[in-house]
Enquirer: 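Starting off with a structure, shown below.
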Amino acid sequence: MIIDTHTHLDDQRYLQDLDKVIKRANDGGVKGFLIPGADIEDLQRAREISKKYKNIYYAAGVHPYNVDGYDEAILREFLNDEKCIAVGECGLDYFRLPEDKSEKQEQKAQQKEIFTKHIKLAVELQKPLIVHIRDANEDSKQILLQNYKGEAGGVLHCYNASKHLLDLSELGFYFGIGGVLTFKNAKKLVEILPDIPKDKLLIETDSPYLTPDPYRGRRNEPFYTTFVVQKMSKILGMNLQDIENLTTNNAKMLFKPLKSVI
Ligand SMILES: [Zn+2]
């Protein structure tokens, strides 16, 4: 059994065939799902989906690209819901910053401020934190170390895997491993995977993005976590069943309400 700990099932690209996407996943052994929050406007849809399917949970947060829309009152309202089990995704993403130096600084500062607000919310509400990091390892680590003592733990959902982030596992951080692992140019992630503590590995798709090989280029969906599990099993020299058991147990440790449905 696999739990997809990061799937944007509230995305427009699933509007037409969500039932089929969920069925394909369930039939293929993917039995639990967590929809991270990305934008305030999508939270209502995430809530509706989680009400319809017993094994789908969601989180409330604002992706670093959408920090302008941050609204703490609305996040709090969703975080009161029993199916809303984590804060995020939130974090830093310096991949698309403007060229202009002062604009760049301004956007970085805004991202940092909103990231910190999410962390404080997670600490106050004792919910795990879903962290998005892209091209911002250093700043992200610093902010986490300053503001988070690990309280309810969290997951790092990172594009640029780095040894530098590994010691965050001591703060209770897990590492979300997705389709990037299957890419031919994923050398870094392949290299550090064995160094990630086994009890901190999670499986995710980030669907509809980052589709694994051999379907790279198509819309991603939770069923394709099976390709990530296969690649992980090869790299770690563990059989598929052991990878599934390990990562499913890890997901239940971090996102405890999942225990009651799966
Ligand atoms: Zn995401």
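Remember, it's 1-based here, ligands and their atoms both numbered in the order they're listed. Just so you know, residue 1 is the first one in the sequence shown, and it goes up from there.
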Enquirer: Looking only at N, O or S atoms, find the one in H6 nearest to the Zn ion (ligand 1) and name it.
Expert: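 Among the N, O or S atoms of H6, the one closest to the Zn ion (ligand 1) is NE2.
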Enquirer: Quick one: angle E89 OE2 - the Zn ion (ligand 1) - D206 OD1, to the nearest 10°?
Expert: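 My answer is 170°, to the nearest 10°.
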Enquirer: May I ask you to check if K108 and Y94 form a cation-pi contact, with NZ or CZ under 6.0 angstrom from the six-membered ring centre and within 45° of the axis?
Expert: yes
Enquirer: Is the charged tip of R134 near the ring of F95: under 6.0 Å from the six-membered ring centre and within 45° of its axis?
Expert: yes
Enquirer: Do you see an N/O/S atom of H8, backbone or side chain, under 2.8 Å from the Zn ion (ligand 1)?
Expert: yes
Enquirer: Y57 and D81: side-chain donor and acceptor closer than 3.5 Å?
Expert: no
Enquirer: Quick one about Q44 and D10 (side-chain donor to acceptor, distance below 3.5 Å, no hydrogens or angles considered), yes or no?
Expert: no
Enquirer: Could you confirm whether H132 has any N/O/S atom lying under 2.8 Å from the Zn ion (ligand 1)?
Expert: no
